[in-house]
Amino acid sequence: MATSVVLQKVEKRYGALDVIHGIDLKIDPGEFAVFVGPSGCGKSTLLRMIAGLEEITGGALLLDNERMNEVAPAKRGIAMVFQSYALYPHMSVYKNLAFGLETAGYKKTEIQPKVKRAAEILQIEKLLERKPKALSGGQRQRVAIGRAIVREPRIFLFDEPLSNLDAELRVQMRVEISRLHRSLGNTMIYVTHDQVEAMTMADKIVVLNSGRIEQVGAPLDLYNNPANRFVAGFIGSPKMNFLQARVEQVGEAETTINVCGNAVRLPRRLKAEAGQTITFGIRPEHLSVLENNGITLATVNIDLVENLGGATMLYAKTPDAQQLTIALDGQQKVERGTNVKASFDPTRCHVFDASGTAI
Amino acid sequence: MATSVVLQKVEKRYGALDVIHGIDLKIDPGEFAVFVGPSGCGKSTLLRMIAGLEEITGGALLLDNERMNEVAPAKRGIAMVFQSYALYPHMSVYKNLAFGLETAGYKKTEIQPKVKRAAEILQIEKLLERKPKALSGGQRQRVAIGRAIVREPRIFLFDEPLSNLDAELRVQMRVEISRLHRSLGNTMIYVTHDQVEAMTMADKIVVLNSGRIEQVGAPLDLYNNPANRFVAGFIGSPKMNFLQARVEQVGEAETTINVCGNAVRLPRRLKAEAGQTITFGIRPEHLSVLENNGITLATVNIDLVENLGGATMLYAKTPDAQQLTIALDGQQKVERGTNVKASFDPTRCHVFDASGTAI
Amino acid sequence: EDARLRLIWWGSQPRADRTNKVSDLYKSKNPGVSITGEFLGWGDYWPRLATQVAGKNAPDVIQMDYRYIVEYAGRGALAPLESYMPAKLNLDDFDKAQIEGGSVNGHLYGVSLGANSAATVLNTTAFQEAGIELPTQATTWEEFGKMAAELTKAGKRKGMFGMADGSGAEPLFENYLRQRGKALYTADGKIAFGVEEASEWFDMWNKFRESGACVPADIQALDKNDIETNTVSLGKSAAGYAHSNQFVAYQQMNKDKLALTNYMRVAKDSKGGHYRKPSMFFSVSSQSKVLDQAVDYVNFFVKNPDAATLLGVERGIPESAAMRDVVAGKLDDVGKIPLEYVAGLGDLAGKLPPPPPSGAGEGELTLRNIAEQVAFGQVTPADGGKQLVDEITRILARG
Amino acid sequence: MTNGITSAIAAPPSDITKRSLPASITVHTLLILGSLLMLYPLLWMVSASVRPENEIFSSTSLIPSSIDFSSYLRGWVGLDISFGRFFWNSLVISVLTVIGNVVACSLAAYAFARLRFAGRNFWFAIMLGTLMIPYHVTLIPQYVLFLNLGWVNTILPLVVPKFLASDAFFIFLMVQFFRGIPRELDEAAMMDGCSAWRIYWKIMLPLSLPVLATAAIFSFIWTWDDFFGPLIYLNDMNTYTIQLGLRTFVDSTSASDWGGLFAMSTLTLVPVFFFFLFFQRLLIEGIATTGMKR
Amino acid sequence: MTNAMRTTASGAVAVEHYHGAVADSRFRRLWNANAPGYLFLLPWLLGFFGLTLGPALISLYLSFTDFDMLQSPGWVGAANYVRIATADPKFASAMSVTLTYVVLSVPFKLAFALLVAMALNKGVRGLPVYRAIFYLPSLLGGSVAIAVLWRQLFARDGLVNAALANFGIEGPSWISHPSYSIYTLVALSVWQFGSPMIIFLAGLRQIPTDMYEAASLDGASKFRQFYKITLPLLTPVIFFNAVVQTIDAFKAFTPAFIISGGTGGPINSTLFYTLYLYQEAFGNFRMGYASALAWVLVLIIAVFTAFSFLTSRYWVHYDD
Ligand SMILES: Nc1ncnc2c1ncn2[C@@H]1O[C@H](COP(=O)(O)OP(=O)(O)OP(=O)(O)O)[C@@H](O)[C@H]1O
Ligand SMILES: Nc1ncnc2c1ncn2[C@@H]1O[C@H](COP(=O)(O)OP(=O)(O)OP(=O)(O)O)[C@@H](O)[C@H]1O
Ligand SMILES: [Mg+2]
Ligand SMILES: [Mg+2]
């Protein structure tokens with residue numbers, strides 16, 4: 001049933017501009033793969049190449065081990081949600097949704113329940129007669145999703161499908177897409193900038209950066225064991241803190257590093273030598289300002305407090321003037337300009353060498 | 001310098017369809033107002049009416065106490081980031097950014113540094129010579145932001161300006177927009193679906209629902225004291241849990257309600273009568289599964305566990321088969337199907353009457 | 001059905017009606033023959049005919065003009081008819097000169113359907129109003145120039161001049177040359193006049209123009225060589241130049257009473273400028289598959305009294321003396337005028353000139369062109385004359 | 001028809017271009033003046049058609065001294081075959097041409113604008129090249145061709161080429177417009193499993209309604225007005241088109257009936273005018289880029 | 001759906017295995033890549049090869065002959081072309097008349113058409129009526145009536161002079177004066193600006209309204225919007241109109257034919273190139289020479305057009 005997707009040294013050049021630099025990737029049949037990466041790193045381009053909308057400049061794309069580079073998009077059995085929606089402006093929402101089914105030769109009577117079902121899921125039943133022009137941004141996006149999900153393709157490609165939806169709807173849609181994935185069992189590739197989506201939906205997250213893969217892995221893997229500084233910084237929100245540090249001493253099961261002027265003992269051996277400059281990484285949510293809660297990192301001075309209701313962000317400066325973000329639970333009364341002692345859980349910290357590789 | 005924006009009974013009809021039902025709103029000079037609301041509730045329409053792009057069907061729009069209904073958009077001194085970007089396809093990114101300045105009669109030599117500065121902020125310096133066609137979704141969105149911020153208008157309107165950016169960039173842009181607001185001091189109206197943006201940037205959040213205002217207030221106000229069930233559900237992510245409950249006894253400083261089959265004492269007086277059906281609301285982050293952590297709500301059965309890295313979501317069922325979401329810190333090992341005892345902080349819970357009003 | 005005849009001619013609906021009736025008559029006498037006729041206006045006729053001939057799809061019977069007969073015959077598009085004479089094509093009572101007019105290089109290619117002659121159209125009302133006598137057969141150009149100038153000066157009608165500017169009109173120029181003993185072209189297709197005559201011609205018209213006898217150049221240039229745009233029809237002049245068979249049409253267009261007279265004499269005693277010209281022919285296509293039938297039809301057309309009655313003088317006065325008698329009695333007053341005019345030319349008429357050589361069409365345009373250059377003052381009469389001779393010599397050399 | 005006009009008039013103008021009262025008075029004044037300038041010659045023609053014959057050329061005024069509709073009757077039956085027949089012939093040819101041009105040219109234009117194939121630029125250049133040849137010189141070879149096909153004296157030579165996209169003008173026109181339709185719509189359709197044909201039929205055509213209407217208008221009017229083609233290919237008067245009939249009506253070496261000519265010219269204008277009015281309603285708002293983020 | 005998909009997919013595999021050969025799959029690839037394009041082009045290709053190419057080639061061949069339409073053509077080599085280049089003063093004069101016409105009529109016509117199209121685009125009541133009125137002159141095409149109408153306007157006692165008389169100017173008969181007649185034809189061409197106007201209208205309709213919204217928020221005046229948004233986004237249509245109108249003007253025949261009664265007068269002042277060509281072909285039976293003239297014209301137009309296409313990439317904006 002489900003289809004595997006394999007990229008072999010896939011490259012993309014626009015004229016002289018290389019945007020994808022040779023990507024090797026295997027997505028197993030039925031897998032839910034999420035592409036994440038900074039804006040402009042090539043996620044959409046990759047999707048479009050898989051869909052066949054963009055010529056593959058180099059390398060091969062295999063679907064179910066068949067080379068697909070030259071196969072027409074319509075023949076690949078792929079459904080896609082476009083980042084720009086690309087709704088048919090002359091068709092009503094209903095027609096937009098039904099179009100793919102009509103194309104596939106379904107009968108009117110078969111199409112109607114499918115479209116109705118999709119419209120219900122997406123909460124756009126009342127809009128079925130409208131043209132895209134008369135829809136709000138989020139409604140358009142839902143139609144775009146609908147257009148993909150009414151069909152039962154081999155592969156689904158979603159390009160930031162929920163970016164314009166409100167939080168509640170987004171959760172619902174996330175659940176629906178996951179459910180769809182479970183029930184159809186087909187392969188899905190999903191681009192998102194939303195951490196929660198990536199973490200909750202993915203079987204496998206692919207982290208892209210400037211047209212290269214930085215790391216591929218299960219969500220918690222990436223969160224807990226980022227292969228490098230880029231992934232560490234990219235996965236998790238708010239972003240991981242990175243502090244300049246120096247190795248002081250490398251022991252058997254313990255390493256001492258100097259960070260923020262303090263000697264800190266990490267309970268593991270690092271692949272590093274004394275004196276080496278390293279980057280010390282700690283996630284804001286793994287920092288605490290309570291006493292006796294792990295190892296003290298430093299006494300920091302609060303620059304800014306953001307109260308998010310369910311959490312409080314402290315933006316602080318370390319004694320050696322490095323930025324530090326601390327995420328606290330709930331609404332905390334912390335004053336700007338005060339000093340607090342930041343401590344961390346030593347099992348939760350990360351260390352990267354000069355090239356950014358986790359050590 | 002800064003301009004006040006006043007809406008008086010503003011209405012919008014598309015043909016027979018009412019989308020804005022008479023909105024009264026006052027935004028003070030220099031204020032940062034954030035519009036939130038479900039997809040399709042009329043946020044963009046409202047912005048477009050303020051900008052003058054959409055005719056105002058009823059009511060009045062005052063800028064600095066001057067009626068503006070009939071004033072041409074170009075004369076209102078407004079800059080706007082369109083939800084659909086609306087970049088000029090025939091102009092390079094540079095030209096897109098410079099267009100407003102050129103229009104305003106700035107000299108080339110004045111324009112260049114401004115554009116360069118904006119491009120730096122938005123990290124699109126390298127794209128200045130490209131046409132919008134050759135940009136990624138996020139890059140386009142940044143150009144759209146850039147086009148607004150190079151100018152110094154009386155009022156900024158942002159329609160979901162960061163929806164297509166990755167988390168890191170989004171934080172940076174948020175900071176930049178806040179900084180811009182501080183430095184220019186002009187009035188800003190900002191539409192977003194992002195809770196964090198709304199909470200951190202707003203002086204005032206306006207919660208819209210189907211063309212009506214549900215509540216206006218400071219961010220934490222809305223979080224802590226939602227006026228009604230809709231606002232309570234809309235502000236905060238994940239969404240507040242709503243449970244069917246019944247008032248058992250109303251005392252002087254204490255009310256006993258029955259929720260999930262348990263009698264629960266709330267340490268305040270409710271405007272309700274014994275026997276009345278009410279909705280009990282509690283945010284996932286205010287629920288806990290630890291012992292002795294507030295009042296016990298119920299023993300719930302775990303349906304689904306989502307591990308987000310920094311937090312863990314439990315989706316559970318109460319004994320009377322109501323849905324309950326619990327947000328836990330960090331990565332928790334909770335098995336599906338197990339029972340846990342959920343407890344809550346009674347000062348943090350909300351109660352709504354049948355009409356949804358907070359009591 | 002043993003024969004299918006195709007006919008083509010230019011003309012109007014009345015002509016078509018008459019022609020079709022003749023065809024019907026012919027069919028009734030020749031069962032088994034079917035006839036289809038096509039007709040068009042003059043301007044559109046020639047491209048269609050040329051295309052059909054070039055496509056080897058020419059109609060069997062083709063109405064031909066004096067101008068084009070050499071072009072078509074010389075290029076083998078028409079069938080020589082002399083071998084049918086006299087048994088099948090009986091032109092006994094035709095004017096010999098008219099038969100010659102339809103001959104090229106000694107072969108007969110066209111049977112004349114009627115004769116006409118160049119003529120001056122006079123607006124008698126305008127002359128009367130100005131109190132000026134009409135010109136007579138004896139009037140010379142010089143005299144006429146004075147009369148015309150007077151008429152202009154009388155100014156009874158706004159914007160009306162004495163006469164049209166005929167400097168670019170080929171028939172007028174030819175008439176002038178013939179009166180001086182020259183011609184446009186020789187029988188072997190060479191130029192038959194010199195710089196002197198041409199220059200004097202242009203000079204004469206320059207004087208008319210200066211004296212106000214004739215219309216200014218820009219008004220003359222409106223004349224597109226048809227009845228509607230003739231300055232007499234437009235009310236710009238009291239006299240204009242035409243062909244006798246057009247008289248009825250001219251009169252129809254004009255409220256005033258018109259008359260016909262000859263082209264003026266160059267000198268009191270000069271003569272022979274006019275000639276009876278075959279106004280149009282019937283030719284038979286050399287591509288025709290039913291040659292005999294076509295010739296028979298043509299013969300019927302020009303020799304059958306019933307046909308002649310049907311046709312009247314619509315195509316000119318019949319060449320056959322017998323037929324002429326048949327139709328003469330049936331004309332109304334206006335219809336009689338051209339008939340009488342041609343009959344009364346007397347010494348003014350001379351021999352029919354040989355059919356113009358190929359290139360004559362271009363020659364006519366050249367005359368008009370240079371005449372206009374002179375008229376608009378771009379070229380002196382002397383240079384104009386020289387240019388005209390050079391140009392025409394060149395055109396004829398090219399063929 | 002009238003319904004269409006009034007509804008178009010009643011449709012509210014878009015907000016952005018809504019004008020203030022003085023501005024709209026200015027606009028209308030200018031437009032009306034312009035209209036008069038455009039119309040004078042035509043009004044003159046109409047008035048000439050109801051004037052006494054001898055007055056036609058002697059007056060520049062529009063108001064005839066007396067009105068006389070006899071020209072219409074005279075013109076209508078002025079030829080052996082009534083003008084009704086010519087109208088019908090013209091109508092048949094014009095309608096077929098409209099269909100042929102719109103269908104065949106849009107097919108070719110779609111290929112040129114959207115499909116990738118070897119030699120595309122070459123063929124495009126050739127196509128443009130065909131636009132440049134003066135038709136007078138290909139007339140005879142073409143005539144011979146049609147003659148050999150046995151098509152002369154039928155409407156086939158006038159109609160069949162249109163179904164073979166012989167009119168490069170329309171191809172080029174449509175190419176320019178098709179290129180304005182966002183490619184992402186094609187791509188979306190491809191993802192929906194559409195073949196090139198279906199994209200053309202379901203996406204391209206509906207979205208290019210304005211240009212299709214333009215092509216239809218032009219095809220109709222130009223065919224209606226065409227004279228040379230019918231002149232060469234239609235020999236039998238029963239098959240004459242309106243223009244050919246009109247021209248035959250005026251014979252330059254015999255008397256002509258100008259009143260009748262103007263009457264018939266005026267009548268000739270009526271169908272094209274209504275065709276225009278009807279089809280120009282399709283020059284609707286382009287919608288191709290709504291429903292899209294860009 | 002999925003089922004169907006798989007059968008086609010596996011079907012394709014089967015076919016490839018069966019044939020096996022590499023050359024074959026290359027053929028398939030070529031076929032897949034090119035077939036749709038050529039299928040869509042098929043009607044045109046049929047028309048081109050069946051109806052257009054033959055006659056065009058024959059006319060090219062005829063341009064090297066002395067074809068007179070009535071006799072079979074005789075080969076004369078490049079003689080016709082040599083004559084055009086060296087010994088035909090009328091060629092030069094016709095070319096210059098035509099160039100004048102092109103240079104004057106095309107820009108004015110386009111400017112006019114665009115202007116009116118803009119005025120008629122939106123927000124005017126009674127739009128369809130105005131549109132129809134402004135298109136009316138073009139409806140007339142090249143009918144006989146035009147000649148008469150134009151004379152009514154531009155003759156000595158025409159309407160134009162009547163108007164000028166109010167200013168004490170006594171004008172000549174513009175239409176029949178060699179110094180002015182060409183301008184009356186230019187005026188005719190400009191007057192019949194309907195077709196480019198309609199095309200502009202259709203083009204204006206395709207410009208997304210949000211462009212104007214963005215521009216008006218950027219403070220752009222109506223004029224600036226026109227200049228900076230409308231014009232650039234309309235360039236594909238402007239380009240089309242410019243190219244087509246130029247080609248048309250080079251080939252202009254009917255106006256001169258009708259107005260001058262086919263003579264090109266006075267003094268060849270309206271002897272357009274194609275009118276000359278027509279005279280040569282159908283008046284003087286020099287079809288061979290006319291063909292040569294035609295191909296010279298094709299060459300000249302082609303150079304113009306190629307030049308337009310080359311420059312177009314610098315100023316024409318395509319959205320795709
Ligand atoms: N032209 C129109 N005709 C009819 N209804 C319209 C039109 N434009 C918008 N609407 C409707 O008006 C409502 C408000 O739309 P609006 O774009 O303001 O929503 P929004 O709050 O911005 O939503 P989103 O978050 O999805 O962008 C929607 O329900 C939409 O369907
Ligand atoms: N037609 C083009 N020509 C040149 N460069 C292009 C073109 N299209 C895209 N690019 C560049 O390729 C890179 C990858 O683009 P892509 O759309 O894949 O990014 P993305 O990862 O989807 O980003 P986003 O999250 O912003 O949507 C970008 O830097 C973009 O500027
Ligand atoms: Mg993207
Ligand atoms: Mg919106």
Side-chain angles (χ1 to χ4, degrees), chain C residues 6-17 19-20 36-57 59 65 157-159 222 224-229 233-236 242-243 245-256 279-280 314-315, chain D residues 52-59 74-75 77-83 135-153 157 227-240 243-261:
Chain C
R6 274 175 61 211
L7 255 58
I8 191 167
W9 68 94
W10 68 87
S12 57
Q13 186 61 46
R15 176 176 296 174
D17 292 341
T19 311
N20 289 334
T36 48
E38 306 167 23
F39 74 99
L40 291 153
W42 166 266
D44 307 326
Y45 179 80
W46 296 104
R48 185 194 273 186
L49 181 64
T51 310
Q52 292 188 340
V53 173
K56 307 258 180 291
N57 186 35
D65 182 67
R157 295 202 190 173
K158 188 170 172 294
L222 287 174
K224 290 192 276 179
N225 241 344
D226 54 27
I227 299 170
E228 295 77 28
T229 55
S233 300
L234 295 176
K236 307 283 182 202
H243 283 98
N245 61 326
Q246 297 172 325
F247 181 76
V248 179
Y250 270 104
Q251 185 61 71
Q252 262 176 27
M253 295 241 9
N254 220 307
K255 278 188 287 192
D256 302 328
S279 59
M280 56 196 80
E314 199 275 331
R315 279 186 170 87
Chain D
E53 180 88 4
N54 50 29
E55 205 182 275
I56 290 179
F57 293 102
S58 53
S59 160
R74 234 177 328 111
V77 297
L79 293 177
D80 224 9
I81 289 153
S82 96
F83 265 79
Y135 60 92
H136 297 118
V137 297
T138 50
L139 190 71
I140 290 188
Q142 218 149 32
Y143 180 82
V144 174
L145 179 72
F146 289 128
L147 192 67
N148 289 331
L149 291 171
W151 290 1
V152 166
N153 208 12
F227 166 72
F228 220 75
L231 170 68
I232 297 301
Y233 291 113
L234 302 178
N235 301 337
D236 186 346
M237 202 166 201
N238 270 308
T239 63
Y240 274 18
Q243 298 298 337
L244 206 46
L246 262 179
R247 287 278 284 256
T248 308
F249 193 70
V250 197
D251 173 28
S252 53
T253 60
S254 297
S256 62
D257 178 359
W258 286 101
L261 170 71

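Reminder, nothing fancy here: chain letters follow the sequence lines and each chain counts from 1.
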Distance, nearest 0.5 Å, that separates CG of D:Asn235 from CZ of C:Arg6: 5.5 Å

To the nearest 0.5 Å, how far apart are CD1 in D:Ile232 and CZ in C:Arg48? 7.0 Å

Please classify the contact between D:Phe227 and chain C as side chain, backbone, both or neither, with a heavy-atom cut-off of under 4.5 Å. side chain

Interface moiety of D:Leu231 toward chain C, non-hydrogen atoms closer than 4.5 Å: both

Taking side chain as everything from C-beta outward and backbone as N, CA, C, O, which of these in [X] sits under 4.5 Å from a heavy atom of chain D? Side chain, backbone, both or neither.
X: C:Pro59; result: neither
X: C:Gln251; result: neither
X: C:Thr36; result: neither

Please tell me if the side chains of D:Phe146 and C:Asn57 come closer than 4.5 Å, counting only heavy atoms from C-beta onward. no

Residues C:Phe39 and D:Tyr240: closest non-hydrogen pair is O-OH, 3.2 Å

Any idea which of D:Asp236, D:Leu147, D:Val144 has the most non-hydrogen atom pairs under 4.5 angstrom with chain C? D:Leu147

Quick one: which residues of residues 135-143 of chain D reach chain C at under 4.5 angstrom, heavy atoms only? D:Leu139, D:Ile140, D:Tyr143

